[in-house]
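Just the heavy atoms: all of them, side chains too, but no hydrogens, waters or symmetry mates, feed the values below. Remember, it's 1-based here, ligands and their atoms both numbered in the order they're listed.
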Amino acid sequence: MSSLTSTIPSKRIGIILGSSRKGGNAMGIASWVSAFLKKNIPSDVEVVLVDPITAPHPLGPLLHPQMPSLVKELSDYPTQAIRDWSTFVSTCSAIVVVSPQFNWGYPGELKNALDHLYYEWHGKPAMLVTYGSRGGAKCAEQLRQVMGKGLKMKLVGRDVLVALSHDYIAGQERVKGEDEFLKAFEEPLKEASDELYELMGGEANAPA
Ligand SMILES: Cc1cc2nc3c(=O)[nH]c(=O)nc-3n(C[C@H](O)[C@H](O)[C@H](O)COP(=O)(O)O)c2cc1C
């Protein structure tokens, strides 16, 4: 049996997608974040993108009667998908959530992915990148409460709020990752990711 927090390696950042909508903006924004992190933090830090809906197995809703906060051993989780999810999160030294705003909140799938685990999140450094027509501030507010207060994660002080124009939301345009408008959000992304790296025990602005 392995304990829930015993396998933490020194350097891996997990980027968790909030939306799995086909043909949406999630992958483009996550690619932008991922490329930025790879360029701005030392090369020994691995950056891994994960869509909790599909990989490595779909997590689905919470069906087991036992509360995740009562689970102390990996083997106590009811499914292999949740055990794999626990192992993945435990092996991340920090988490970045990239999520759209849905009706002033965040997607239910992301809530499920968070709720399936408990102790794995405690004390883990985290950063939020949200998007929507005004940057997804309401979504960030809710995630801050759930991740910071409920799950006791160590959130960086600044959220990255990416405002999308109408064309990206209701039109044909989709974020690809190298879009010109994203440059306006590099400054907050730099500040937030520097702090994230500091919380991981690294030195901000360390040379790549
Ligand atoms: C169900 C739903 C609800 C939405 N609610 C909001 C909202 O409250 N505020 C906002 O700015 N955008 C809202 N949007 C627009 C999304 O933020 C935008 O479409 C975004 O690209 C969705 O992320 P995705 O493309 O990665 O799925 C909503 C979109 C959907 C599908």
Side-chain angles (χ1 to χ4, degrees), residues 13-39 47-62 81 85 88-89 92 94-117 121 126-151 153 155-193 196:
I13 298 177
I15 301 182
I16 301 177
L17 296 184
S19 170
S20 306
R21 274 194 335 139
K22 290 184 176 56
N25 291 300
M27 274 314 292
I29 295 190
S31 312
W32 169 66
V33 173
S34 171
F36 187 91
L37 290 176
K38 284 178 184 161
K39 216 167 82 189
V47 180
V48 185
L49 245 166
V50 60
D51 177 345
I53 315 307
T54 56
H57 315 290
L59 283 167
L62 275 76
W85 182 231
F88 172 76
V89 171
C92 289
I95 295 290
V96 176
V97 167
V98 174
S99 178
Q101 180 163 312
F102 275 9
N103 297 315
W104 286 47
Y106 56 94
E109 303 90 297
L110 176 58
K111 184 73 165 78
N112 269 348
L114 293 169
D115 287 342
H116 271 297
L117 309 179
W121 304 115
M127 170 183 132
L128 300 175
V129 179
T130 61
Y131 54 99
S133 59
R134 294 194 183 115
K138 298 293 175 193
C139 158
E141 219 173 88
Q142 292 195 358
L143 281 169
R144 208 155 247 288
Q145 181 148 313
V146 170
M147 291 167 64
K149 303 280 185 215
L151 298 172
M153 299 178 83
L155 284 164
V156 302
R158 186 170 188 181
D159 303 327
V160 183
L161 308 178
V162 179
L164 296 180
S165 68
H166 183 264
D167 280 351
Y168 286 92
I169 293 179
Q172 299 304 312
E173 203 69 65
R174 290 295 175 269
V175 180
K176 292 170 194 72
E178 292 175 358
D179 317 56
E180 195 56 30
F181 82 94
L182 288 171
K183 289 202 166 48
F185 305 102
E186 280 182 359
E187 189 269 322
L189 181 57
K190 168 111 180 71
E191 187 182 315
S193 54
L196 186 74

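Here the closest heavy-atom approach between residue L17 and residue P52 is recorded as O-CD, 3.5 Å.
Ring geometry, F181 versus Y168: the interplanar angle falls from 30° to 60°, so the pair is classed tilted.
Residue E186 places its CD atom among more than 12 non-hydrogen atoms of other residues, nucleotides or ligands, all under 6.0 Å distant.
Residues with a heavy atom under 4.0 Å from ligand 1: S19, R21, G24, N25, A26, P100, Q101, F102, N103, W104, Y131, G132, S133, L164, I169.
At a threshold of 4.5 Å between non-hydrogen side-chain atoms, the residues W104 and E141 do not count as touching.
No donor-acceptor distance shorter than 3.5 angstrom exists from the side chain of W85 to the backbone of L117, with no hydrogens or angles considered.
Ion pairing between a basic and an acidic side chain is recognised when a charged N comes within 4.0 Å of a carboxylate O; E187 and R158 show such pairing.
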